[in-house]
Amino acid sequence: MSDIKGVIFDLDGVIVSTDEYHFQAWNNLAEVEGVPFSRDDNERLRGVSRMESLEIILEKATREYTDEEKLAMATRKNDIYRESLKNLTPDDILPGVKDVLAGLRERGVKMAIGSSSKNAQPILAAIGLSDAFDAIVDGTHISNSKPDPEVFAKAGEQLGLAPKECLVVEDADAGVEAGVAAGMPVLAVGAASGHSAAVLHAADLTGISLNEMLMK
Ligand code: BG6
Ligand code: MG
């Protein structure tokens, strides 16, 4: 992995633990609408944009919704989610992340965020990592959500690196596929750690494991 000159991190589920907030907000919406929604259903929303997530949830709905209604629902979900983000602090940074970022910085490896979320900037501000990355590409900068490679391709470009020089770190199947489609090696962590398309697998993201991989 010695030709890796940059690491592009997904945000939700890799850098910070926002999973429960997303679940609670969607669950609230689903209950109001009387649409069945489980934690298994929620797993399918990992890495997927807000509107596409809503479409997945509405697969179990008993009626059709107009585009206007869908937009209103997505806005409602986001309002609930944004309210819970007020609880976010640097303590919500996932274990090992700060060590990894410090280790990479020390070694001169460039770092970026490649996230589907339109809330990436306020989340990074809440956890105190707004200035920790050389580039931030998020849901407000892209037209096609993961598994489309757009977010990672843009992040790689902003780092000034070729795809094969960038390592993607992802917890979502859609994100692993996006990284592979961008022509980048992918380290799959957390929920995606067993993904067959990933070039690298890790049960957890620790300073040692990622830094050691980059040294190889
Ligand atoms: C991804 C999350 O990072 O962002 C998804 O894994 C979420 O669950 C997506 O739907 C979009 O997030 P937001 O904050 O724009 O609603
Ligand atoms: Mg994620």
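When a ligand or atom number is given, it counts from 1 through the structure's own listing order.
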| query | So does N87 have more than 12 non-hydrogen atoms from other groups sitting under 6.0 Å from CG? | reply | yes
| task | Output the list of atoms in ligand 1 that are nearer than 4.0 Å to some heavy atom of H22, sorted by atom number. | result | 7 (C), 12 (O)
| Numbered atoms of ligand 1 (with element) below 4.0 Å of R46, judged on heavy atoms | 6 (O)
| message | For ligand 1, which is the ligand I care about here, please tell me if N78 has any N or O atom under 3.5 Å from one of the ligand's N or O atoms. | response | no
| request: Enumerate the atoms of ligand 1 whose separation from the nearest heavy atom of G47 is less than 4.0 angstrom. | output: 2 (C), 5 (C), 6 (O)
| said: Within the supplied structure, the quantity of interest is the number of heavy atoms (other residues, nucleotides, ligands) at a distance under 6.0 Å from K70 NZ; does it exceed 12? | reply: yes
| said: Checking side-chain polar atoms at under 3.5 Å, does N78 have a donor or acceptor matched by the opposite partner on T75? | reply: no
| message | Distance alone, cut at 3.5 Å: any donor-acceptor contact between the side chains of Y65 and E33? | response | yes
| Do you see an N/O/S atom of D10, backbone or side chain, under 2.8 Å from the Mg ion (ligand 2)? | yes
| remark: Here the atoms of ligand 1 under 4.0 Å from any heavy atom belonging to R50 are 11 (C), 13 (P), 15 (O), 16 (O)
| note | atom 3 (O) of ligand 1 has as its nearest protein heavy atom D12 OD2, 2.7 Å
| request: Examine K77 relative to Y81 and say whether NZ or CZ is less than 6.0 Å from the centre of the six-membered ring and inside a 45° cone about the ring axis. | output: yes
| query | Going by distance only, is there an N or O of S117 that falls short of 3.5 Å from an N or O of ligand 1? | reply | yes
| said: For the CD atom on E59, are there more than 12 heavy atoms of other groups (residues, nucleotides or ligands in this structure) within a distance under 6.0 Å? | reply: yes
| field | Identity and separation of the nearest protein heavy atom to atom 8 (O) of ligand 1 | value | L45 O, 3.1 Å
| task | Quick one: report the N, O or S atom of D12 that is nearest to the Mg ion (ligand 2). | result | O
| request: May I ask you to identify, for T18, whether its side chain, its backbone, both or neither come under 4.0 Å of ligand 1 on a heavy-atom basis? | output: neither
| Which of these passes salt bridge (Lys or Arg N to Asp or Glu O under 4.0 Å) with D134: K5, R105, K110? | R105
| request: Evaluate the ring planes of F23 and F37, with Trp represented by its six-membered ring, and classify them as parallel (under 30°), tilted (30 to 60°) or perpendicular (over 60°). | output: parallel
| note | Taking only non-hydrogen atoms of K118 and a 4.0 Å limit, the atoms of ligand 1 in range are 13 (P), 14 (O), 15 (O)
